[in-house]
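As the structure lists them, so they are numbered: ligands from 1, and atoms in each ligand from 1. Nothing here was measured: the structure is a model prediction, and the numbers come from that model.
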Amino acid sequence: MELLKPVQRVLLGALTAPAVTRLFSRFMLGRATIFVLHRLQDADRGTPGHDPQALRGFLSLLRRERYALVGLEELFRWMAESDRRVSRAVAFTLDDGYSDQGVIASRVFAAFDCPATVFVTTGFLDGPLWLWWDRIEYILRRTARSTLEIELGRTVLHYQRDDEVGYRRVQYDFTERCKHVSEEEKETAILRLAAVAEVDLPERPPPDYAPMSWADVRACEERGLTFGPHSVTHPVLAQTTDLQSRREITESWERLAAEARAPVPIFCYPSGQPYEYGPRELATLRQLGMVGAVGSSHAYADARAFERSPNARFAVPRFGYPPDLRAAMQYVSGLERLKELWRKRDARSQEPGQGPQHGS
Ligand SMILES: [Zn+2]
């Protein structure tokens with residue numbers, strides 16, 4: 001089985017040519033691709049993110065190959081109606097509401113007349129909030145300390161700066177750990193981190209971490225972007241109290257509805273793995289009249305799931321937008337689906353629990 005893997009890789013490389021990928025469309029019956037993007041690379045500012053030029057290349061290819069570039073709300077309708085266009089449908093979403101999404105992404109998508117939905121963290125746009133993982137990054141990039149000892153809930157963490165990557169691995173570790181404690185513990189731990197690292201946290205996000213404004217939202221709507229709610233402060237909803245969970249969903253929708261001209265009634269879970277939200281959030285979304293919700297588990301949106309369960313439209317998965325065009329084509333063409341089937345076959349032939357991990 002191991003010997004087959006290099007062969008599969010070569011085959012996949014050869015088969016990503018657009019003309020050939022059309023042959024794989026039968027694997028996509030009832031399945032649509034929804035991508036999620038985060039920051040856009042800003043060459044002037046030198047901030048990292050998705051390369052706008054590469055995104056242009058992908059959108060151009062999708063247009064040339066006649067994929068259905070569809071808005072998220074319309075895609076939900078197609079899914080509910082088992083519309084045949086679903087299997088060629090590609091929807092783009094961008095999370096959080098950073099200023100680069102307003103300035104850069106809106107122009108790229110507009111140039112290809114491609115709909116895209118930005119999910120905004122409304123407290124971020126209202127200010128002075130800045131996003132909690134950005135505060136962790138800011139602290140760890142600026143600290144002069146070579147070791148850090150931080151209390152997180154009941155755990156004491158001992159971190160050491162790495163000569164090659166600095167605190168990059170620590171940043172990942174600490175951020176992930178923060179998703180598994182209560183909101184209060186997380187906020188306390190970030191303040192402790194700033195104190196131990198001897199870094200002053202500005203009250204408002206510095207320009208590299210800044211949100212778009214509500215005026216930007218309306219300007220982007222003119223260019224064809226749409227906007228959906230993504231909570232007020234971006235907590236892991238499973239870690240919030242009943243009251244906070246309700247407020248995060250309800251108030252973000254109300255703020256967005258007050259500021260945007262045509263808000264999209266689809267919620268985006270902040271931290272959208274299936275264990276990070278649950279029936280409590282679903283009940284609030286239904287009461288609020290939302291038509292659905294997207295998460296961040298790595299899979300195709302499946303119209304048959306909509307048929308099977310009325311709750312499926314409140315847990316629609318999305319693929320993280322990959323950095324290279326070949327990988328992006330694998331999702332939309334159905335090659336990723338084929339790989340999924342290969343992986344399942346491999347897993348069946350191995351010991352239980354030894355199967356390959358899902359994801360590219
Ligand atoms: Zn987010």
- prompt: Where does the angle between the aromatic ring planes of Tyr138 and Trp130 fall among parallel (under 30°), tilted (30 to 60°) and perpendicular (over 60°)?
  reply: perpendicular
message: Please verify the inter-ring angle class for His298 with Tyr331; under 30° counts as parallel, over 60° as perpendicular, anything in between as tilted.
response: perpendicular
query: Number of protein N/O/S atoms less than 2.8 Å from the Zn ion (ligand 1)?
result: 3
- prompt: Could Arg39 and Tyr98 be counted as a cation-pi pair, given that NZ or CZ must be under 6.0 Å from the ring centre and within 45° of the axis?
  reply: yes
- prompt: Does Arg168 count as lying over the ring of Tyr172, i.e. NZ or CZ under 6.0 Å from the six-ring centre, within 45 degrees of the axis?
  reply: no
message: I want to know whether Phe306 and Phe76 have ring centres closer than 6.0 Å.
response: yes
message: Which heavy atom of Tyr67 sits nearest to which heavy atom of Val332, and what is that distance?
response: CE2-O, 3.5 Å
